Amino acid sequence: MFRKASAGWPVRVDWQVAADERFRDVVRSGHTWLSELKLDFDRPEQPPVAVELTATSISSDFPIAFDGPLKAVNPALNPHVRYFDGSKRGYLRCELSRSGWRTDARTVDTIASRTAPVTTSASYVIESGSSTLRQA
């Protein structure tokens, strides 16, 4: 499956749909965003068709100089993105129930110390049968 990159060139996106039938519209991939996916990203008025949940590796590095500029342009260039924080490393903790899917972005402030405390920097919920992210 391909989607249009910001420069207009197609970008390969390998989507893995969740196995649970209640959440067949949840996608896990290798990017660093919590997003609502559209069939056509050039038509933001369209409803989302799936949710993309992604996180960095807890030990990976992201150039901190890119964090601020990305956060500044994301609302205009990527209105489907609901959460991004390039300043922290972490993982996603997901909890499934009959009523929904909750994802907590668990992060550390530094990768320089193995004893850095882990905190929840954001939490989002997807109600069963929905393709919309809602902040918890």
Side-chain angles (χ1 to χ4, degrees):
M1 182 173 290
F2 290 88
R3 69 175 172 168
K4 192 181 206 182
S6 59
W9 297 97
V11 175
R12 176 74 181 159
V13 179
D14 293 317
W15 292 346
Q16 297 176 335
V17 178
D20 190 308
E21 270 302 305
R22 292 168 294 158
F23 303 102
R24 65 181 177 278
D25 299 328
V26 174
V27 175
R28 297 167 294 153
S29 70
H31 307 291
T32 43
W33 317 94
L34 298 183
S35 308
E36 294 173 348
L37 301 178
K38 312 273 184 169
L39 289 177
D40 184 350
F41 286 93
D42 290 330
R43 297 180 57 200
E45 73 280 1
Q46 287 186 334
V49 295
V51 171
E52 181 179 38
L53 305 171
T54 63
T56 67
S57 164
I58 198 164
S59 62
S60 67
D61 196 13
F62 180 81
I64 195 65
F66 294 165
D67 184 61
L70 278 173
K71 286 178 181 172
V73 299
N74 258 339
L77 296 179
N78 297 303
H80 58 283
V81 173
R82 299 293 173 249
Y83 174 78
F84 167 76
D85 189 350
S87 68
K88 299 183 180 189
R89 307 283 62 80
Y91 60 92
L92 299 179
R93 177 177 62 190
C94 300
E95 178 184 335
L96 280 71
S97 69
R98 291 190 186 276
S99 61
W101 176 311
R102 179 188 175 103
T103 296
D104 299 318
R106 303 283 290 161
T107 57
V108 294
D109 288 330
T110 179
I111 60 172
S113 170
R114 290 177 180 245
T115 60
V118 179
T119 60
T120 299
S121 58
S123 296
Y124 283 82
V125 173
I126 309 158
E127 294 178 12
S128 181
S130 173
S131 296
T132 303
L133 280 166
R134 183 177 51 83
Q135 198 165 11

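All of these numbers come straight from a predicted model, not from anything done at the bench. All heavy atoms count here, side chains included; hydrogens, waters and symmetry mates do not.
- The OG1 atom of T110 lies 10.5 Å from the CZ atom of R89; values are rounded to the nearest 0.5 Å.
- Partners of T132 by side chain to side chain donor-acceptor pair (under 3.5 Å), not counting sequence neighbours: none found.
- Summarising the geometry of V81 relative to S35, their closest heavy-atom pair is CG2-OG, 3.6 Å, with the distance given to 0.1 Å.
- Side chain of R114 to backbone of I111: no donor-acceptor contact under 3.5 angstrom is found.
- Judged purely by atom type and a 3.5 angstrom limit, D67 uses its side chain to pair as donor or acceptor with the backbone of S87.
- Summarising the geometry, atom NZ belonging to K88 is positioned 10.0 Å from atom CD1 belonging to I64; distances are rounded to the nearest 0.5 Å.
- When atom types are taken as modelled, the side chain of Y83 and the backbone of Y124 share no donor-acceptor pair closer than 3.5 angstrom.
- Across every non-hydrogen atom of G86 and K71, the tightest pair is N-CE, 4.4 Å.
- For the pair A116 and V108, the tightest heavy-atom approach, listed with the atom from each and the gap, is O-CG1, 4.0 Å.
- In this structure, D40 has no salt bridge (Lys or Arg N to Asp or Glu O under 4.0 Å) partners at least two apart in sequence or on a different chain.
- For E36 (side chain) and L133 (main-chain N/O), a donor-acceptor pair under 3.5 Å exists by modelled atom type.
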- Message: What verdict does the side-chain contact (heavy atoms from CB on, under 4.5 Å) test give for N78 and F84, after you've listed the backbone C-alpha separation in whole Å, the side-chain angles of each residue and the deciding distance to 0.1 Å?
- Response: CA-CA 11 Å; N78 297 303; F84 167 76; over 6 Å; no
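- In this structure, a donor-acceptor pair under 3.5 Å is present between the side chains of R102 and S123.
- With hydrogens and angles disregarded, a donor-acceptor distance shorter than 3.5 Å links the side chain of S113 to the backbone of T115.
- Taking R106 as the reference, nothing meets the salt bridge (Lys or Arg N to Asp or Glu O under 4.0 Å) condition, with sequence neighbours excluded.
- Cluster membership check: L92 does not share its hydrophobic cluster with V125, using side-chain heavy-atom separations under 4.5 Å among Ile, Leu, Val, Met, Phe, Trp and Tyr.
- Side chain of K38 to backbone of Q46: a donor-acceptor contact under 3.5 angstrom is found.
- Atom CG of D104 and atom CD of E95 lie 8.0 Å apart (nearest 0.5 Å).
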